[in-house]
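Take a look at the structure set out below.
Computed from a predicted structure; not experimentally measured. Remember, it's 1-based here, ligands and their atoms both numbered in the order they're listed.
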Amino acid sequence: MNEKQRLESAQVSTANSPDKKSEKDYSKYFESVYTAPSLKDAKKRGKEEVQYHNDFAIPEEFRDMGKGRKFYIRTYGCQMNEHDTEVMAGILMALGYEPTNGVEDANVILLNTCAIRENAENKVFGELGHLKALKLEKPDLLLGVCGCMSQEESVVNRILSKHSFVDMIFGTHNIHRLPNILNEAYLSKEMVVEVWSKEGDVIENLPKVRKGNIKAWVNIMYGCDKFCTYCIVPYTRGKERSRRPEEIIQEVRHLAAQGYKEITLLGQNVNAYGKDLTDIKYGLGDLMDEIRKIDIPRIRFTTSHPRDFDDHLIEVLAKGGNLVEHIHLPVQSGSTDVLKIMARKYTREQYLELVRKIKAAIPGATLTTDIIVGYPNETEEQFEETLSLYREVGFDSAYTFIYSPREGTPAAKMVDNVPMEVKKERLQRLNAVVNEFAAGRMKDHQDQIVEVLVEGESKRNPEVLAGYTRKNKLVNFKGPKSAIGQLVKVKITSTNTWSLNGEMIVEEKAEVLI
Ligand code: 5AD
Ligand code: SF4
């Protein structure tokens, strides 16, 4: 589908438009086209093949757009958003903008938002409240809202009616249109809204400015087709689209050549990687088997869905080497009945069986997870099944959440008889178990020698260096600044619930035990 066809098929709504712009005007930069999101359209999954592009270019006439101007991007949410921010920063710098660390001297401010839970959204609306004063002081400032919240109709309507000082709203599928959107915002007095509800194609050659030169994120796929009943992501990120393996491998090779030490392969459901590639039979296991041969010390991936976690992937991970033995495997609930209502499509027993296989195949495998408590009508017994599953697996840590209804998802329509106090109390009880296990797993490291990828000075004490083990444990230790960016050996001298303390070891022969 070309740009014009896409805009014609997109829902061009004028109902909520601030100035009732109505004409379909496909002039050169599509001025006056107001494209609002639609959750109904976002739910559809078409059969059309994904188109891959390598032809992104900054239009000649925009090359100096950012000259003498600065940008600031605030990122909320997951690694996918962090990585999108790197792409937007790349585009802005290609337009001549310079980055700044504070909103005060920025000429363009973008809020790259997260829609996963209500409190994530509240933070953004709070920030918009703060930025209003700045916008009044500096009318030339361009303020944009992008990311997952922009894909929600209700959010766009709320911004249109209550935060009309916002200059631009654009979504997750049209980041590459940023130059045109900015141009439109400079020319127009009205809010520019360009959100595509249908996912875009895969554009390979977008510029990126990576944060740091030690660890890097690499997208392997976009979107999610799982439609867990609580989750907004399939609506905000569109259908599953895998990048071609050769493009991914080339990107990882390039990062290795640049000296990066750790790569995290990213996708909302990485285990579905390759399912949409119609001309080849190729999955995450095949991809990892290729990538492990690249000379880079550590490879991670996130996030996994237990349902698509196949035996071939386990076999490949068991080969070790640069494939780290830490797997983030969201379980969400320990109750088969709740899992069914969540549409996770696995049972408690199937999850435990998968964990058994992983632990049997991968020596020292460490598992972490995500859990939602207080799902609509979750009973005390069902919650206790989550606690017992946690103990049975013995996770190293977990991200735990109270269920948050998301408009447009099936769960938001469910009657819910669990009072908020009960949900909060369950979260506290779960967190007590999470903390107990986290502290226990850290204690296992006492007096052991670990390999640490040193990321920099500790946030709390610049005299101390900080880095992570292969299993993603934070380690603080004294060492020379020259160790930053290197893999070093550290002997653990004391442990806390969420971090380890140690001493750097210089002897070549010291053997890493964990
Ligand atoms: N409410 C609470 N937690 C949620 N998550 C996703 N959607 C919701 C929701 N509506 C959690 C899941 C997911 C993690 C990224 O966020 O645990 O794995
Ligand atoms: Fe959301 Fe993950 Fe389920 Fe996809 S697999 S719907 S991203 S929770």
Side-chain angles (χ1 to χ4, degrees), residues 39 42-43 45 76-82 113-123 147-149 151-152 154-155 172 199 219-242 266-273 275-276 284 301-309 327-335 338-346 351 354 367-378 383 386 389-390 395 397-414 416 418 420 423-424 426-427 430-431 434:
L39 277 186
K43 197 176 175 177
R45 288 295 183 263
Y76 300 81
C78 65
Q79 290 105 325
M80 192 66 78
N81 264 17
E82 296 274 355
T113 62
C114 169
I116 200 96
R117 282 170 293 276
E118 194 187 355
N119 59 3
E121 297 202 350
N122 290 343
K123 276 191 213 154
C148 288
M149 278 171 71
Q151 296 290 142
E152 295 179 280
S154 56
V155 167
T172 57
E199 62 285 340
N219 272 126
I220 63 167
M221 63 182 302
Y222 306 95
C224 179
D225 287 347
K226 283 284 178 282
F227 287 100
C228 301
T229 50
Y230 50 83
C231 188
I232 194 76
V233 169
Y235 307 82
T236 61
R237 291 277 174 179
K239 78 169 180 187
E240 287 172 357
R241 288 151 288 147
S242 301
L266 284 184
Q268 247 81 38
N269 167 18
V270 286
N271 300 77
Y273 174 75
K275 282 183 195 278
D276 59 313
L284 183 62
F301 58 92
T302 197
T303 282
S304 280
H305 192 299
R307 187 177 150 84
D308 294 323
F309 210 110
I327 299 168
H328 186 66
L329 194 62
V331 65
Q332 313 298 359
S333 168
S335 152
V338 174
L339 289 169
K340 192 157 184 208
I341 304 169
M342 287 176 164
R344 293 290 288 178
K345 306 220 170 69
Y346 53 84
Y351 184 89
L354 175 61
L367 292 164
T368 55
T369 199
D370 291 347
I371 293 174
I372 299 176
V373 300
Y375 211 61
N377 307 320
E378 181 193 58
F383 169 67
T386 297
L389 177 128
Y390 199 96
F395 292 107
S397 73
Y399 294 106
T400 57
F401 311 101
I402 290 180
Y403 164 68
S404 168
R406 306 283 63 217
E407 198 179 318
T409 61
K413 296 189 200 87
M414 294 176 192
D416 186 0
V418 189
M420 188 42 91
K423 293 179 194 251
K424 285 188 180 158
R426 284 183 191 162
L427 183 70
L430 173 61
N431 284 346
V434 171

Query raised in the report: Can you tell me if Arg344 has a non-hydrogen atom under 4.0 Å from ligand 2?
Result: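 Right, Arg344 reaches ligand 2.
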Query raised in the report: Gln332 versus Cys228: any side-chain heavy-atom pair under 4.5 Å?
Result: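 Not touching, per the 4.5 Å side-chain cut-off.
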Report task. Taking the side chain as every heavy atom from C-beta outward, state whether Arg426 and Thr386 have any atom pair closer than 4.5 Å. Result ->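 Side-chain contact under 4.5 Å: no.
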Query raised in the report: Who pairs with Phe383 by ring-ring contact (aromatic ring centres under 6.0 Å, His included), at least two apart in sequence or on another chain?
Result: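 In terms of ring-ring contact (aromatic ring centres under 6.0 Å, His included), with neighbours along the sequence ignored, Phe383 is linked to no residue.
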Query raised in the report: Protein N/O/S atoms under 2.8 Å of atom 1 (Fe) of ligand 2?
Result: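 Checking every protein N, O and S atom gives Cys231 SG.
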**Report entry** Asp416/Lys423 ion pair, N-O < 4.0 Å
**Finding:**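 A salt bridge links Asp416 with Lys423.
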Query raised in the report: In chain order, what residues pass the side chain to side chain contact (heavy atoms under 4.5 Å, CB included) check against Thr368, with sequence neighbours excluded?
Result: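 For Thr368, the residues satisfying side chain to side chain contact (heavy atoms under 4.5 Å, CB included) (neighbours in sequence not counted) are His326, His328, Asp396, Ser397.
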**Report entry** Heavy-atom neighbours of Glu407 CD exceed 12 at 6.0 Å
**Finding:**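 No, not enclosed.
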**Report entry** Point-to-point distance, once rounded to the nearest 0.5 Å, from CD1 of Ile232 to SG of Cys148
**Finding:**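 Going from the CD1 atom of Ile232 to the SG atom of Cys148 covers 9.0 Å.
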**Report entry** Per-ligand residue contacts, ligand 1, heavy-atom threshold under 4.0 Å
**Finding:**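 If the criterion is a heavy atom under 4.0 Å, then ligand 1 touches Ile116, Arg117, Tyr230, Gln332, Asp370, Ile372, Phe401, Ile402, Tyr403, Ser404, Arg406.
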Requested in this report: Grab the two heavy atoms, one from Leu329 and one from Thr369, that are nearest each other, plus how far apart they are.
Outcome: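 Distance-wise, the nearest heavy atoms are O-OG1, 2.8 Å.
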Query raised in the report: Using the ring of each side chain (for Trp, its six-membered ring), is Tyr390 parallel, tilted or perpendicular to Phe395, with breaks at 30° and 60°?
Result: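 Tyr390 and Phe395: tilted rings.
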Report task. Indicate the ring-plane relationship of Phe227 and Tyr235, choosing parallel, tilted or perpendicular according to the 30° and 60° boundaries. Result ->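 If you compare the ring of Phe227 with that of Tyr235, the planes turn out perpendicular.
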**Report entry** Contact atoms of ligand 2, heavy-atom distance to His305 under 4.0 Å
**Finding:**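 So the atoms of ligand 2 that pass are 5 (S).
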